[in-house]
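Since this is a predicted model, take the numbers as computed values, not measurements. We count ligands from 1, going down the list as the structure has it; atoms in each ligand are counted the same way.
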Amino acid sequence: MPRGARAHRTVPSARLPGMGDTMEAYRIVEWEHPPQLTEAPVPEPGPGQVLVEVAGNGLCHSDIGMARMPGAIGEAIGWKVPFTLGHEVGGRVAALGAGVTGFAEGDPVAVISPRSCGHCSWCVRGEDNNCRDSFAGRGYGMDGGLARYVLVHSARELVKLRTLDPTVAGPLTDAGATSYHAVRRALPRIRPGGTAVVIGAGGLGSYAVQHLRALTTAQVVAVDPVPARLDYAVELGADVTMEGVTHDTAGDILALTGEGADAVLDFVGIGSTILAGLRATRRGGAFALVGAGQGQLEGVSLFDVLPKDGEVFTFQAPTIADTLDVIALADSGRLRVDVDLFPLDRVAEAYEAMEAGTLRGRAVVTPT
Ligand code: NAD
Ligand code: ZN
């Protein structure tokens with residue numbers, strides 16, 4: 001639609017006073033180049049769409065991977081540059097497209113992290129994280145939340161917040177909900193009084209500690225090379241911490257548990273964490289590969305290392321149901337939400353802090 005054109009009469013607010021044509025946004029402009037703060041068009045909501053004013057956008061380690069991803073891979077999965085990073089959005093409804101019901105301007109909302117169509121066979125089964133539409137979405141191949149406004153393609157991707165401040169809600173939609181998906185999948189393998197291991201107690205992993213504490217009676221082990229991350233994990237309920245992963249980690253977990261852990265959730269995903277995690281999983285246990293470290297196992301006999309009668313799984317992104325659960329937990333005060341706030345002009349510094357392991361909560365950028 002040409003700029004300034006109106007889809008229909010019921011969107012008089014698509015351009016609010018003071019809403020210019022462009023806004024500052026943190027974008028991947030060129031493949032394999034550092035993202036830049038640059039100008040991007042302010043989107044207008046078409047029929048069925050919603051414009052959200054971003055109160056806070058959580059930073060994910062995946063963003064760093066995207067910025068370094070070879071362009072050929074990006075193009076192959078249909079992503080186009082430039083696009084604005086940021087897939088953990090909390091904010092307020094700024095404008096409604098035609099036909100959107102159930103929301104009003106100013107409503108505090110969290111935005112479901114992956115996109116989904118709502119009518120394919122995956123979506124109707126509630127496995128919307130596997131919908132083909134999720135291959136590209138806000139902050140990965142399309143404009144995301146590191147800007148004042150973000151366009152939401154359907155109101156089914158919005159969750160209305162009850163008591164939660166939208167500034168801090170964004171990380172729940174990915175860090176909180178992705179870790180919840182991993183814990184929920186592993187639950188049937190975790191015996192009462194058993195052991196669950198979290199490798200990488202960062203943004204996702206520290207939420208996993210909380211979910212394991214809330215949903216199981218397992219002893220929770222956190223493994224991370226950064227001592228401050230381990231201290232934080234203990235605050236959130238971890239019983240045992242291990243500095244690593246080192247070559248001893250699997251042996252240490254076997255020594256602690258006798259026969260291995262019921263579940264190992266790997267939020268790093270490099271060769272050494274995958275191998276240690278698999279070795280530390282008991283017979284009948286579960287190993288989840290969540291981290292996108294692209295680890296490879298060479299010269300390893302999988303027959304010897306995979307958990308006998310157990311389960312090994314990976315997945316990408318949470319479902320809408322996971323997100324609703326996690327937001328309900330946080331909205332009722334049963335899940336701790338810690339964030340480190342950064343203004344948009346310090347976004348690069350926030351990513352550096354994430355890589356250096358000096359964040360406490362999830363880094364959240366406040367563009368407004
Ligand atoms: P983060 O940087 O907040 O946390 C990573 C943690 O791992 C840090 O605390 C770091 O100290 C620790 N770590 C690094 N090397 C380690 C090692 N060798 N052994 C143990 N711990 C180690 O990152 P995050 O945002 O929580 O993301 C974690 C991973 O999950 C990333 O790879 C990200 O791309 C991926 N991710 C996957 C999904 C999915 O759906 N599968 C969704 C979101 C993020
Ligand atoms: Zn779908």
Please check if any side-chain donor atom of Thr246 sits under 3.5 Å from a side-chain acceptor atom of Asp248, or the reverse. no
The closest protein heavy-atom partner of atom 7 (O) of ligand 1 is Gly200 CA, 3.4 Å
Min side-chain heavy-atom separation Leu164-Val168 under 4.5 Å: yes
NZ-OG1 distance between Lys308 and Thr281, expressed to the nearest 0.5 angstrom: 12.0 Å
If the threshold is 4.0 Å, N to carboxylate O, is there a salt bridge linking Arg92 and Asp107? no
Report yes if some N/O of Thr178 lies less than 3.5 Å from some N/O of ligand 1; otherwise report no. no
Run the numbers for me: atoms of ligand 1, each under 4.0 Å from some heavy atom of Gly203, listed by number. 1 (P), 3 (O), 4 (O), 26 (O)
Under a 3.5 Å threshold, yes or no: a donor from one side chain and an acceptor from the other, between Arg334 and Ser332? yes
Which residue holds the protein heavy atom closest to atom 15 (N) of ligand 1, what is that atom called, and what is the gap in Å? Val268 CG1, 4.0 Å
So for ligand 1, is Gly293 a polar contact partner (N or O within less than 3.5 Å, distance only)? no
Give the residue, atom name and distance (to 0.1 Å) of the protein heavy atom nearest atom 26 (O) of ligand 1. Leu204 N, 2.8 Å
What part of Asp224, side chain, backbone, both or neither, has a heavy atom within less than 4.0 angstrom of ligand 1? both
Considering Cys60, Gly202, Pro225, which one's heavy-atom position lies nearest to atom 13 (N) of ligand 1? Pro225
Check whether the side chains of Ser116 and Asp133 place a donor and an acceptor atom closer than 3.5 Å, and report yes or no. no
Could you name the option among Tyr232, Phe267, Phe315, Tyr207 that has the heavy atom nearest to atom 41 (N) of ligand 1? Phe315
Do Arg185 and Phe313 meet the cation-pi criteria used here (NZ or CZ under 6.0 Å from the six-membered ring centre, within 45° of the axis)? yes
What atoms of ligand 1 come closer than 4.0 angstrom to any heavy atom of Met354? 2 (O)
Taking distance alone, with no angle check, do Val290 and ligand 1 share an N/O pair under 3.5 Å? yes
Tell me whether Arg68 is salt-bridged to Glu355, with the criterion being a basic N under 4.0 Å from an acidic carboxylate O. yes
Shortest protein contact, atom 40 (O) of ligand 1 (heavy atom only): Ala317 N, 2.6 Å
Location of contacts on His61 toward ligand 1, heavy atoms closer than 4.0 Å: both
Could you pull out the N/O/S protein atoms under 2.8 Å of the Zn ion (ligand 2), ignoring any water? Cys117 SG, Cys120 SG, Cys123 SG, Cys131 SG
Under a 4.0 Å heavy-atom limit, does Arg362 contact ligand 1 with its side chain, its backbone, both, or neither? side chain
Under-4.0 Å salt bridge between Arg189 and Asp262: no
Backbone, side chain, both or neither: what part of Leu359 comes under 4.0 angstrom of ligand 1, heavy atoms only? neither
So, are Glu24 and Arg148 salt-bridged, with charged N and O less than 4.0 Å apart? no
For Thr195 and Gln219, does a side-chain donor sit closer than 3.5 Å to a side-chain acceptor? yes
I'd like to check whether Ala292 has a polar contact with ligand 1, where a contact means an N/O of the residue lying under 3.5 Å from an N/O of the ligand. yes
Per-atom contacts, ligand 1 versus Gly291 - under 4.0 Å to a heavy atom: 29 (C), 30 (O), 32 (O), 35 (C)
Any side-chain donor paired with an acceptor under 3.5 Å for Ser134 and Arg115? no
With no hydrogens and no angle check, do the side chains of Thr319 and Asp322 hold a donor and an acceptor under 3.5 Å apart? yes
Carboxylate-amine/guanidinium proximity below 4.0 Å for Arg229 and Asp231: no
Answer with side chain, backbone, both or neither: which part of Ala175 has a heavy atom less than 4.0 angstrom from an atom of ligand 1? neither
Under 3.5 Å, is there a donor-acceptor pair between the Asp338 and Tyr232 side chains? yes
Numbered atoms and elements of ligand 1 in range of Asp174, under 4.0 angstrom, heavy atoms: 42 (C), 43 (C)
When only distance counts, is Val245 in polar contact with ligand 1, meaning an N/O pair under 3.5 Å? yes
Atoms in ligand 1 flagged as close to Val226, the criterion being non-hydrogen separation under 4.0 Å: 11 (O)
Nearest candidate to atom 18 (N) of ligand 1, where distance is taken over non-hydrogen atoms, out of Leu230, Asn129, Val223, Ile270: Ile270
Could you tell me whether Lys80 and Glu30 have a side-chain N and a carboxylate O separated by less than 4.0 Å? no
Heavy atom of Ala201, distance to ligand 1 below 4.0 Å: yes
State whether Asp128 and Arg156 are salt-bridged, where the test is any N-O pair (Lys NZ or Arg NE/NH1/NH2 against Asp/Glu carboxylate O) under 4.0 Å. no
So which protein heavy atom does atom 44 (C) of ligand 1 come closest to, and at what separation? Ser62 OG, 3.2 Å
Which atoms form the tightest heavy-atom contact between Arg27 and Glu39, and what is the distance? NH1-O, 4.1 Å
Atom 20 (C) of ligand 1: nearest protein contact (heavy atom, Å): Gly244 O, 3.0 Å
